[in-house]
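Worksheet: the structure to be examined is printed underneath.
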Number of protein chains: 2
Amino acid sequence: MMSVTPMYVVVADRISAQIAAGELRPGDRIPGERELEELYKISRNVARAVISRLRQQGLIVSRQGKGSFVANRDLIRRLVRNGQEFRPADNTEVDQTLTVELSEVDASNDIAWCLDLSLPARVSKALMTWTIGNEPIEVTEHYERLLDQPPITRPETNPMNAPDVIKRFASIGTQVTTVEEDTSARMPTSEETHQMAIPQGVPVITVERTHHAGDTPVAISRITIRADRVLISSKQDISAG
Amino acid sequence: MMSVTPMYVVVADRISAQIAAGELRPGDRIPGERELEELYKISRNVARAVISRLRQQGLIVSRQGKGSFVANRDLIRRLVRNGQEFRPADNTEVDQTLTVELSEVDASNDIAWCLDLSLPARVSKALMTWTIGNEPIEVTEHYERLLDQPPITRPETNPMNAPDVIKRFASIGTQVTTVEEDTSARMPTSEETHQMAIPQGVPVITVERTHHAGDTPVAISRITIRADRVLISSKQDISAG
DNA sequence: TGCTATTTGTGCGTATGTATT
DNA sequence: AAATACATACGCACAAATAGC
């Protein structure tokens, strides 16, 4: 029953402990592959396994030709109110950009199901990318049933704001009655890793928000957020009684 | 400037596409290391890199002696209301257990800072583990200032419920006025991976909830949730006008 | 029970490419 | 141009878990 812990786990956990203890601080360089070989008397591949494990845990980032460095979760705090409005907070100094691409497309099976449409069907689509300091932080795919509502043209506001959607529908006489939200997290796909330049070991937070007008779903937002940059924060007042 | 895509990325993305297309379904076995060698004319280590990449993306799980299988995100839907109450939904059939360990400990620097205490200080601690079908799904560390409130002894309710905390403080004359929540996601630590038996490529969702009575923080909950099992869901009614 | 074949896990050695300094 | 460091890749050996006989 002797369960021996593999060397690459032992070494990785030791470095991990140094990071947790503050002996290695964000930005610090950790020993390179050759150094690990000598320090712990392990082979090159095991040294690589150590670094790979730490990378996967999101503790370090590696740069070819330079080395591996303790990761920096440089969080940009955001505020969510009432499960609806997402707006940045405490980061007015950094330059934010928001790009919006509008189109009208055939609904995929998936989207048709979510919007309760029978195929084939056309829907309006908005692809929004929120960039902060040249880093894409958040990508939103927003789909709406084709009604007579004005198009989505408010790049100055945050696309995650449900209030905007609600107001726009209200302006054409469609009252959004409920907003449902599913929040989860997963590892990014290859495509997302490429698009958002996400380092290894960084998950994405996903929010799927569905707007209902009565029983019919009228709009759906799929929000994908880099978890190492964005913190979803909320504050709620409690009434006595 | 020729940027060649590495073989292990090419092969992994091809299998990833098969999973996305539904050609490989959850539970299906993917080609083994030796098979990948032959199929794509690659070496053993590259075949391993392919599998490692897919594992890291949370798309497959590997079992020694059996093979690698398409992962199954077997979500247990949960409901969050008003950012306070977390309760399970749609899963009354599965057997849930909740273990609670109560203690009184010295506050760590971290906790002391969050609760605005000056060291040394004693705090009451509750370590709660929510298990579902023998799988630990959620671990909560809950700290409270030492007041005269009754101890936390309600294993029948979900420890994430802020209302419970609020009521208990109210019963001793301390009115909780605000609840702050920070939600994020990250890869699990080695310890968490071991404790909760989390497979590779599965992040955890973290919720840090702080209860304030006026300006003083009185309780803090640190909730850690397996992201492949739990979905945080909310529903909100919109009032017209 | 024991044996064997299969499959992944761990580990070693080596060579070459590419980015950085 | 040279040194350094990570990235990709090949080949090999043995351990450990699994499944079938």
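Note on naming: letters A, B, ... go to the chains in the order of the sequence lines (proteins, then strands), and numbering restarts at 1 for each one. These values consider heavy atoms only, across backbone and side chains, with no hydrogens, waters or symmetry-generated copies.
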If you check every side-chain atom of B/R48, which of C/dG11, D/dC6, C/dG9 has the closest atom? C/dG9

With nearest nucleotide decided by heavy atoms, which residue, A/M7 or A/R34, maps closer to the 5′ end of DNA chain C? A/M7

Does a nitrogen or oxygen in the side chain of B/R55 sit under 4.0 Å from OP1 or OP2 of C/dG9? yes

Would you kindly say whether A/S16 and A/R53 are connected by a side-chain donor-acceptor distance under 3.5 Å? no

Expressed as a whole number of angstroms, how long is the span from B/Q200:CD to C/dT8:P? 14 Å

Watson-Crick or G-U wobble partner for D/dA5, using a 3.5 Å limit on both distances? C/dT18

Between C1' on C/dT8 and CG on B/L54, what's the gap in Å once rounded to a whole number? 15 Å

What is the distance from CG of A/L36 to P of C/dC12, rounded to the nearest Å? 13 Å

Apply the side chain to side chain donor-acceptor pair (under 3.5 Å) test between B/R222 and each candidate in B/E208, B/E141, B/H142; give the one that qualifies. B/E208

Spacing of B/K41 atom NZ relative to D/dC10 atom P, expressed in whole Å: 12 Å

What's the CD-C1' distance between B/E33 and D/dA9, to the nearest Å? 15 Å

Nearest-Å distance, CZ (B/R44) to C1' (D/dC12)? 10 Å

C/dT10, OP1 or OP2 - any side-chain N/O from A/Y8 closer than 4.0 Å? yes

Shorter than 3.5 Å, N or O on both sides, protein versus nucleotides 17-20 of chain D: list them out with atom names.
| unit_1 | atom_1 | unit_2 | atom_2 | d |
| --- | --- | --- | --- | --- |
| D/dA19 | OP1 | B/K66 | NZ | 3.3 |

Between B/S62 and A/S43, who's closer to the 5' end of DNA chain C by nearest nucleotide? B/S62

